[in-house]
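Here the structure is laid out as structure tokens; the discussion comes afterwards.
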2 protein chains.
Amino acid sequence: MPKQTASRKSRAGSSARMRDVANRAGVSTMTVSRALNEPSKVSEAVRERVLKVVKEIGYLPNHLASSLSSNRSTTIGLILPSIDNSIFTQTVKGLSDVIRQSGFQLMIAECGYDPNEEEELITAFLGHRVSGLVLHSTEHTPQAIAKIRKSGVPVVENGNIPAEPLDMVVSYSNRNAAYAMTSHLARLGYKNIAYASLYSVHNDRSRDRLDGYMQALEEFGLEPDQRLTIETNRGLNAGAEAVARIVQNAPEVDALFCAGDVLAVGALFECQKRGWAVPERIALASFDDVDLLRHVSPSVTTIRLPRHEIGERTAQMLLSRIIDGAEHLRGSIVDLKYEVIQREST
Amino acid sequence: MPKQTASRKSRAGSSARMRDVANRAGVSTMTVSRALNEPSKVSEAVRERVLKVVKEIGYLPNHLASSLSSNRSTTIGLILPSIDNSIFTQTVKGLSDVIRQSGFQLMIAECGYDPNEEEELITAFLGHRVSGLVLHSTEHTPQAIAKIRKSGVPVVENGNIPAEPLDMVVSYSNRNAAYAMTSHLARLGYKNIAYASLYSVHNDRSRDRLDGYMQALEEFGLEPDQRLTIETNRGLNAGAEAVARIVQNAPEVDALFCAGDVLAVGALFECQKRGWAVPERIALASFDDVDLLRHVSPSVTTIRLPRHEIGERTAQMLLSRIIDGAEHLRGSIVDLKYEVIQREST
DNA sequence: GAATGAAATGATACCGGTAACAACTGGAGT
DNA sequence: ACTCCAGTTGTTACCGGTATCATTTCATTC
């Protein structure tokens with residue numbers, strides 16, 4: 001007869017419970033729980049005994065049970081418009097580093113630039129009882145807003161500084177950054193500054209950038225020109241087509257500000273193919289300092305955005321709210337600095 | 001006196017429980033549970049009444065409780081070497097699309113190319129009782145392997161076809177792909193084919209690619225040459241330095257196969273800067289077909305890998321195992337096809 | 001009209017932990 | 001010797017659902 005003391009079969013896939021550890025260490029489950037989570041509240045002898053057993057039987061605490069019981073979870077939800085975009089990776093890294101250091105886990109999902117998808121994901125995350133949410137988008141459905149409000153979960157918005165924030169914001173101002181770059185171009189003496197961006201439907205970041213561009217034009221006494229502003233799709237191709245179209249429709253153009261790194265690269269390649277000298281024939285400026293822009297020839301003037309810092313600060317603020325209950329942070333807005341990087345393309 | 005029937009205060013942040021729905025609909029919680037999860041097992045009248053209440057009070061099922069109680073979770077863990085790498089985004093998208101369609105959630109974490117980090121993350125994920133794991137790396141610590149085995153969670157490895165798989169594998173063969181490209185170059189008539197890759201420590205993908213390169217050389221009667229193979233860091237700079245070093249040390253080189261898209265782009269830019277004609281002075285080939293390689297001039301010959309398909313197939317297999325208990329899939333290996341794309345750079 | 005059984009619903013225990021409080025211990029203070 | 005208190009440990013209820021089995025209802029069959 002086997003000396004099986006266990007009260008439950010050791011079927012594959014079942015892991016030991018806290019009770020198993022407790023039995024084997026001759027203590028109660030509470031003591032095991034304390035030994036693992038508040039070691040100072042347990043005598044050294046017992047703590048060692050418990051930890052030894054934990055190792056022996058390979059006990060893995062069940063986060064689900066612990067979260068449910070303590071009404072406190074250790075996951076944070078992140079919703080991105082698209083995972084397939086290099087500009088988010090820095091932010092994700094900043095977030096993920098800080099979050100993991102505190103023993104939290106990141107759940108990432110993508111909503112494909114669609115507020116309805118976003119709402120669905122927010123619902124799913126709230127169902128998973130995430131203890132915090134990070135949203136890149138700053139435009140949400142009314143239902144999504146209601147659900148978040150109702151849940152009481154702290155939120156950070158990341159992609160822009162919205163007029164009516166949900167809660168906390170960590171971002172730079174798209175408007176100001178675009179204004180800065182346009183001014184920079186104007187100061188360099190360019191007179192016919194074109195502007196290419198992604199479609200601004202459901203995208204206040206795009207709209208704000210356009211606003212900044214327009215304001216700079218006005219302040220420098222430059223005439224806005226329909227033919228010089230263009231909205232387009234994502235992708236290298238889109239950038240290529242944009243520059244081609246603008247040069248054809250408005251040959252007097254002397255600079256193109258692409259509000260997106262991929263567009264700028266696409267535009268540059270197109271210029272190279274067509275033999276248009278950059279910046280002599282047409283100057284190029286970009287938004288967002290990806291590695292590539294520094295390495296192409298000519299290197300491209302752009303705006304360095306604090307992507308990584310956004311992630312870090314976001315995580316810090318969220319964790320302060322979650323762990324320390326730092327209610328004074330509710331609604332706070334962190335407006336981070338950007339920087340115009342002048343390079344060969346202008 | 002308020003007509004408060006509820007047995008619990010409605011403090012901020014608390015969401016309604018199933019019991020609240022049940023009370024208000026005049027049924028038991030089991031009936032609510034059925035109305036939501038197995039609608040066919042509930043009469044239409046009751047179902048409608050329950051769903052109405054659910055909407056009214058904005059009830060959100062608690063996934064933690066449900067997972068705990070049913071011993072079945074709806075999250076899948078994904079561990080990537082780095083989020084900051086465009087080659088993963090396609091796979092993530094493929095995964096995420098299929099997984100979300102089944103109501104599952106993806107938890108993503110990055111391990112920074114370090115098996116110990118990976119082990120830590122695997123532990124964390126198992127603690128969250130993920131119902132499946134996706135690992136890009138195919139090299140794991142013995143402890144990590146033991147924990148996974150013990151947990152019984154189905155796993156898919158993604159980055160290579162390892163000699164000793166943990167469980168399921170969905171990938172292409174790095175060895176064969178590198179062999180194919182090297183052969184392609186040899187057939188085009190190149191005689192002094194150099195090879196640049198990332199460091200192969202803790203990276204069997206790198207090692208396998210080198211193997212494939214070597215085998216092709218041998219089969220085409222080309223002499224391997226120490227000066228023609230180089231291992232380096234990640235990044236555009238690394239690619240630039242690699243091509244510079246190789247051309248300096250071995251001027252007779254006539255082709256460079258970069259086992260990584262970023263390296264290839266870096267190398268190309270360096271050639272452009274130095275005025276080395278591609279492919280006349282030196283031909284360039286890459287690994288992995290990112291958008292960029294098609295748009296640079298000259299466009300770069302490369303290998304198209306089924307990144308998106310890997311994600312989809314991975315998700316499908318994992319879900320089959322989880323939902324349908326498809327045990328026949330255990331240990332199965334899906335070897336997907338790659339494709340050599342001949343472009344201007346060779 | 002009684003037996004039969006499928007459909008609908010409920011009662012209860014339990015998933016694996018933690019909160020809150022109770023109980024026990026032994027040394028310090030007086 | 002007695003009180004008191006801090007340090008340990010245990011007991012019990014509960015977190016919010018689901019599995020399981022029991023019960024009720026009602027149409028069908030003979």
Side-chain angles (χ1 to χ4, degrees), chain A residues 6-11 13-50 54 57-74 126-131 151, chain B residues 6-11 13-50 54 57-74 126-131 151:
Chain A
S7 56
R8 118 161 126 172
K9 296 163 289 190
S10 68
R11 54 196 154 87
S14 85
S15 48
R17 297 156 303 168
M18 196 175 261
R19 153 152 302 136
D20 301 327
V21 178
N23 287 152
R24 198 150 160 171
V27 295
S28 72
T29 59
M30 266 318 298
T31 301
V32 175
S33 175
R34 291 195 187 102
L36 294 172
N37 302 318
E38 306 163 292
S40 71
K41 295 197 173 178
V42 162
S43 73
E44 199 178 320
V46 170
R47 193 191 320 144
E48 280 176 9
R49 189 144 41 94
V50 168
V54 164
I57 68 176
Y59 167 69
L60 248 180
N62 186 327
H63 277 233
L64 298 176
S66 138
S67 299
L68 177 62
S69 171
S70 63
N71 196 25
R72 182 190 320 136
S73 93
T74 58
L126 292 178
H128 279 276
R129 295 303 187 266
V130 294
S131 49
S151 77
Chain B
S7 57
R8 118 161 124 172
K9 296 162 290 190
S10 68
R11 55 197 152 86
S14 85
S15 47
R17 297 155 305 170
M18 196 175 262
R19 153 153 297 128
D20 301 328
V21 178
N23 286 153
R24 200 151 159 168
V27 295
S28 72
T29 58
M30 266 319 296
T31 302
V32 177
S33 175
R34 291 197 186 100
L36 294 173
N37 303 319
E38 306 163 292
S40 72
K41 295 199 171 177
V42 162
S43 73
E44 199 177 319
V46 170
R47 193 192 319 144
E48 280 176 9
R49 190 144 40 94
V50 167
V54 165
I57 69 176
Y59 167 69
L60 248 178
N62 186 326
H63 276 235
L64 298 176
S66 136
S67 299
L68 177 61
S69 171
S70 64
N71 197 25
R72 181 189 320 135
S73 95
T74 59
L126 293 179
H128 279 277
R129 296 301 188 266
V130 294
S131 49
S151 77

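Residue numbers start from 1 in every chain, and the chains themselves are labelled A, B, ... in the order their sequence lines are given, proteins ahead of strands.
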Tell me, for nucleotides 18-28 of chain C in 5' to 3' order, what letter each nucleotide earns: B for a base near a protein heavy atom under 4.0 Å, S for only sugar-phosphate near one, - for neither? BBBB-------
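Ranking C/dT9, D/dT9, D/dC15 by closeness to the A/Leu68 side chain, first place goes to D/dC15. Closest contact between the side chain of B/Arg17 and the listed nucleotides C/dG10, D/dG17, D/dT9 involves D/dG17.
For A/Arg129, the side chain to side chain contact (heavy atoms under 4.5 Å, CB included) partners are B/Ser15, B/Leu60, B/Asn62, B/Leu64, not counting sequence neighbours. Not counting sequence neighbours, the partners of A/Ser131 by the side chain to side chain contact (heavy atoms under 4.5 Å, CB included) test are A/Ser73, A/Ile76, A/Phe104, A/Ile322. Judged as a side chain to side chain contact (heavy atoms under 4.5 Å, CB included), and not counting sequence neighbours, the contacts of B/His128 are A/His63, A/Thr74, A/Thr75, A/Gln105, B/Met107.
Comparing the helix axis at one end of the helix from C/dG1-D/dC30 to C/dT30-D/dA1 with that at the other, each defined from 5 consecutive pairs, gives an inter-axis angle of 40° (nearest 10°).
A donor-acceptor contact shorter than 3.5 Å is absent between the side chain of A/Asn23 and the backbone of A/Asp20.
Minimum interatomic distance between A/Thr29 and A/Met18 (heavy atoms only, all atoms of both residues): O-SD, 3.6 Å. Here the closest non-hydrogen pair linking B/Val50 and B/Val27 is CG2-CG2, 4.2 Å.
Here D/dG16 presents its P atom at 8 Å from CZ of A/Arg129, a figure rounded to the nearest Å. Across the protein-nucleic acid pair, A/Asn62 atom CG and C/dG16 atom P stand 7 Å apart, rounded to whole Å. Rounding to whole angstrom units, CZ of residue A/Arg19 and C1' of C/dC14 are separated by 11 Å. Atoms CG (B/Asn71) and P (D/dA19) sit 10 Å apart, rounded to a whole Å. To the nearest angstrom, P of D/dG16 lies 13 Å from CD1 of B/Ile57.
Toward the 5' end of DNA chain D, the nearer of the two residues A/Glu44 and B/Tyr59, judged by each one's closest nucleotide, is A/Glu44.
In terms of phosphate contacts, B/Thr31 brings a side-chain nitrogen or oxygen within less than 4.0 Å of OP1 or OP2 of C/dG10.
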Show me the donor-acceptor pairs within less than 3.5 Å that the side chains of residues 31-45 of chain B make with the rest of the protein, sequence neighbours left out.
| from | atom 1 | to | atom 2 | distance (Å) |
| --- | --- | --- | --- | --- |
| B/Thr31 | OG1 | B/Ser28 | OG | 3.3 |
| B/Asn37 | ND2 | B/Ser33 | O | 3.2 |
| B/Ser43 | OG | B/Val46 | N | 3.4 |

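Using a 4.0 Å heavy-atom distance criterion, B/Ser40 is classed as a sugar-phosphate-only contact.
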